[in-house]
Chemist: 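I have a structure I would like to understand better, so I am pasting it below and will then ask my questions one at a time.
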Amino acid sequence: MTRPVRVRFAPSPTGNLHIGGARTAIYNWAFARRHGGSFVLRIEDTDPERSTTENTAQIVRSLRWLGLDWDEGPEIGGNYGPYLQSQRFATYNEALERLKRNGSVYPCFCTPDELNAKREAAQAANLSNTGYDRSCRDLPADEVAKRISDGESHTWRLKVPLDHGPVTFDDLVFGTTSFPIEQMDDFIILRSDGSPTYNFVVCIDDVSMDISHVIRGDDHLSNTPKQILVYEALGAPAPHFAHLSMILGPDGKRLSKRHGATSVEAYQQQGFLPEALLNYLALLGWSLDGETTVFSSDTLKENFGFDRISRNPAVFDETKLTWMNSAYIKAMGASFFVDAWLPYLQEVGFTRNGDTLLDASGALLSGTPATVEEVDADVITNRCWYEAIYPLVAERAKKLDEVNAMTAFLFSGDKVFYDEKSVEKCLRKPGIDKVLTRCLDELANEDMLWQHAELEEALRSLPEQLDLKPKVVFQAVRVAVCGNMVSPPLFESLELLGRKRTIARIKAARNLLL
RNA sequence: GUCCCCAUCGUCUAGCGGUUAGGACACCGCCCUUUCAAGGCGGAGAUCACGGGUUCGAAUCCCGUUGGGGAUGCCA
């Protein structure tokens, strides 16, 4: 009989969702979906000092943003709740009482200071085992009863069975792993303040939530034998374990804040698409076939398995993530693009008929940014125009946050922010005023359709007529209209800008030269 | 110190006894081109950490060494 697949992602809300946590969540999710099982979200908030509800909400938001869904969790409930560890203390107490009755735990009256002293002494003496010396393990029962009734501060420790033999388990990623019992410490499962510790509660929860597979970070590999001992004391079957190797920073050290952005939220803000992050993270330690790098979450769900998970730690390569993101932008299509771009438009207050002139750093020079509602309304009524921008930026933008700068010239009315270097190089040259004049002549025809093909048709012969290189002519027009020698394709840009503004800008640029 | 884990191009990886060691990112050329990109084509880049075995044959199996990571908390 194989029991139904039930997996969980159990972050502790002491910060927002970390890249490493996100990958763990993705693998849990993919495994559950692959096997038609359940994916449970459990919040490990037993440390009231560092846990906040805001962090919990942020983690939930990030997971959702990534496109993950779960079957049970704090905000959606389920048959195995509550899903906040802080609300499960009754379960932990009950389990502890059970362990007290069957003699697998004992009270320890050693103070933290004593323990520290012993530990330091053991380390100084180069002892092979620097764990607890078990001095409280065999205290006479009457003494124990008296000290407890006297109210003496004490913890509860797991009584490791000394004749147990090595603790062995088959890790789905690392294979058979074994720990000598002599190394196992009689670790604390209940603190002197009455709160249970991680290695205890995690077992209780996984048992009572009927978790079949524990998929988590490699940093828990050495905790696993401890937990197996707890399962055994409880008389409960241990789940299967799958440990995932760590994600490292570029320096080969464990990924942390000092490596820069490490939260999912930070990548979201930078303009990464959830599909791209998910794809990249999925590939960081797992491979579909060794060849395919871009694949959908459906493909992941259908193919994920532990047999193709790598055991070595992986360096997080933001360059490759960025490339992946650009691939997703190229493939997403105009409609999804506009939806994804919207928040960035709202941030600067761009609208089709706006006049927000920004300088090179993105600071407002003149004009009035639109409100969020106005941007919203504008995108709804001019959806086609916004979607027409997509092909211009799709091949250029690697991240969404770059799109505003790329298209700012479309939102500044008749004015243009001129990049000084571009003006010097492409505009302030002898004869350019004539180029612009001729250009205006060609565009003066009111009957001409203002579309890129017609515009190109109208201007294509200009270089030959003026006996100039195409580059000289078109770069001049580009700077006149866009303010910069680097811009999206010229004729498409003119089309989007419109007849009136294009002509106004070229005239303004010519006047600048005269 | 002790225990556990890991080791293929700069990076992510494929490989699971016989391959010219494959792919992707990044990098370098060339082509395309009115800018920037994108795209196409090509290139360089890995004595498979090192040393011993086993085998007709080892990146693949075994042992050791070195290096890295993790654990060793009244954190999770």
Side-chain angles (χ1 to χ4, degrees), chain A residues 10-12 14 44-47 49-51 85 108 110-112 115-116 119 122-131 153-157 171 173-175 177-180 182-185 187-193 195 197-199 201-202 217-226 243 245-246 248 250 252-254 280 283-287 289-294 308 310-317 319-324 326 330 392-398 406 422 426 456 459-460 463 469-479 482 484-491:
Chain A
S12 86
T14 53
E44 308 215 325
D45 59 346
T46 49
D47 182 352
E49 298 294 311
R50 299 193 300 146
S51 303
Q85 282 187 334
C108 170
C110 300
T111 66
L115 293 172
N116 285 337
R119 186 162 34 239
Q123 277 163 356
N126 271 356
L127 258 41
S128 65
N129 191 336
T130 57
S153 175
H154 62 281
T155 60
W156 285 85
R157 291 181 180 271
D171 190 275
V173 173
F174 288 98
T177 310
S178 189
F179 294 78
E182 299 76 34
Q183 284 295 320
M184 304 305 299
D185 199 15
F187 62 97
I188 292 172
I189 65 168
L190 194 82
R191 302 184 186 95
S192 53
D193 68 358
S195 64
T197 61
Y198 168 76
N199 281 123
V201 298
V202 73
D218 179 342
D219 45 340
H220 288 295
L221 195 63
S222 317
N223 282 330
T224 306
K226 295 181 185 177
H243 287 93
S245 56
M246 304 272 86
L248 275 21
K253 303 284 183 207
R254 191 172 166 166
Y280 177 73
L283 215 45
L284 205 60
W286 178 80
S287 62
D289 55 13
E291 304 276 303
T292 315
T293 54
V294 179
R308 295 195 68 85
S310 167
R311 280 179 297 275
N312 30 335
V315 173
F316 185 77
D317 181 7
T319 310
K320 188 161 180 177
L321 202 214
T322 303
W323 166 82
M324 181 85 70
S326 70
K330 273 194 269 289
L392 307 201
V393 298
E395 290 175 356
R396 272 157 264 267
K398 294 189 185 300
M406 238 170 236
S422 299
C426 304
E456 180 165 5
L459 300 181
R460 198 171 44 201
K469 283 182 183 165
K471 185 170 177 170
V472 174
V473 173
F474 295 122
Q475 282 298 80
V477 179
R478 186 187 306 280
V479 176
C482 305
N484 202 298
M485 53 199 283
V486 175
S487 87
L490 185 58
F491 300 109

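Every chain is numbered from 1, with letters handed out A, B, ... down the list of sequences.
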Chemist: Round to a whole Å and report the spacing from CH2 of A:W286 to C1' of B:rA14.
Modeler: 13 Å
Chemist: For B:rC27, what is the paired nucleotide under Watson-Crick or G-U wobble rules, both distances under 3.5 Å?
Modeler: B:rG43
Chemist: Between the main-chain N or O of A:M485 and the side-chain N or O of A:S422, is there a donor-acceptor pair closer than 3.5 Å?
Modeler: yes
Chemist: Any strand is fair game: report the nucleotide pairing with B:rG51 by Watson-Crick or G-U wobble, both distances under 3.5 Å, or none.
Modeler: B:rC63
Chemist: Rounded to whole angstrom, note down the C1' distance from B:rA49 over to B:rG43.
Modeler: 28 Å
Chemist: Is it true that A:N199 and A:T197 share a donor-acceptor pair across their side chains at a distance under 3.5 Å?
Modeler: no
Chemist: Please give the distance between the P atoms of B:rU54 and B:rG15 as a whole number of Å.
Modeler: 28 Å
Chemist: Counting the atoms with a prime plus P, OP1 and OP2 as sugar-phosphate, which does A:G285 contact under 4.0 Å by heavy atoms, base, sugar-phosphate, or nothing?
Modeler: sugar-phosphate
Chemist: Under 4.0 Å, counting only non-hydrogen atoms across every strand here, what does A:S178 touch: a base, just sugar-phosphate, or nothing?
Modeler: sugar-phosphate
Chemist: Write down the distance between CE (A:M324) and C1' (B:rU11), rounded to a whole number of angstrom.
Modeler: 13 Å
Chemist: Could you run through nucleotides 35-45 of chain B and give me one letter per nucleotide, 5' to 3': B if any protein heavy atom sits under 4.0 Å from the base, S if only the sugar-phosphate is that close, - if neither?
Modeler: BBBS-------
Chemist: Over how many whole Å does the gap from A:E182 atom CD to B:rC4 atom C1' extend?
Modeler: 14 Å
Chemist: Tell me the interatomic distance from A:R311, atom CZ, to B:rG15, atom C1', rounded to whole angstroms.
Modeler: 12 Å
Chemist: Taking the side chain from A:D218 and the backbone from A:H243, do they hold a donor-acceptor pair closer than 3.5 Å?
Modeler: no
Chemist: Looking at the side chain of A:P180, which of B:rC3, B:rU34, B:rC5 is the nearest nucleotide?
Modeler: B:rC3
Chemist: For the pair made of CZ in A:R308 and P in B:rC16, what is the distance, rounded to whole Å?
Modeler: 10 Å
Chemist: Is there a donor-acceptor pair closer than 3.5 Å between any side-chain N or O of A:S326 and the backbone N or O of A:K398?
Modeler: no
Chemist: Determine the interatomic distance between P on B:rC56 and the same-named atom on B:rG51; round to the nearest Å.
Modeler: 23 Å
Chemist: Figure out the CG/P separation between A:D317 and B:rU11, and round it to whole Å.
Modeler: 10 Å
Chemist: Could you pull out all residues at least two apart from A:W286 that satisfy ring-ring contact (aromatic ring centres under 6.0 Å, His included)?
Modeler: A:F295, A:F304
Chemist: Taking NZ from A:K320 and C1' from B:rA24, how many angstroms apart are they, rounded to a whole number?
Modeler: 4 Å
Chemist: Could you tell me whether a side-chain N or O of A:S12 sits under 3.5 Å from a main-chain N or O of A:A10, the two making a donor and an acceptor?
Modeler: no
Chemist: Just call it for A:R460: base, sugar-phosphate, or nothing, with non-hydrogen atoms closer than 4.0 Å on any strand.
Modeler: nothing
Chemist: Among B:rC12, B:rA14, B:rC6, which is the nearest nucleotide to the side chain of A:L284?
Modeler: B:rC12
Chemist: Name the residue closer to the 5' end of RNA chain B, choosing between A:T319 and A:L283 according to the nucleotide with the nearest heavy atom.
Modeler: A:L283
Chemist: Within the side chain of A:T14, is there an N or O that forms a donor-acceptor pair under 3.5 Å with the backbone of A:R50?
Modeler: no
Chemist: Of the options A:T319, A:V315, A:L321, which is the one that meets A:D317 in a side chain to side chain contact (heavy atoms under 4.5 Å, CB included)?
Modeler: A:T319
Chemist: Check whether any side-chain N or O of A:D289 sits under 3.5 Å from a backbone N or O of A:T292 as a donor-acceptor pair, and report yes or no.
Modeler: yes
Chemist: Rounded to the Å, how far apart are A:K253 NZ and B:rG69 C1'?
Modeler: 9 Å
Chemist: Can you build the contact string for nucleotides 70-76 of chain B? Use B for base contact, S for sugar-phosphate-only contact, and - for no protein heavy atom under 4.0 Å.
Modeler: BSSSBBB
Chemist: Using a 3.5 Å distance criterion without hydrogens, assess whether the side chain of A:D185 forms a donor-acceptor pair with backbone atoms of A:F187.
Modeler: no
Chemist: Using Watson-Crick or G-U wobble geometry with both distances below 3.5 Å, tell me the partner of B:rC32, or none.
Modeler: none
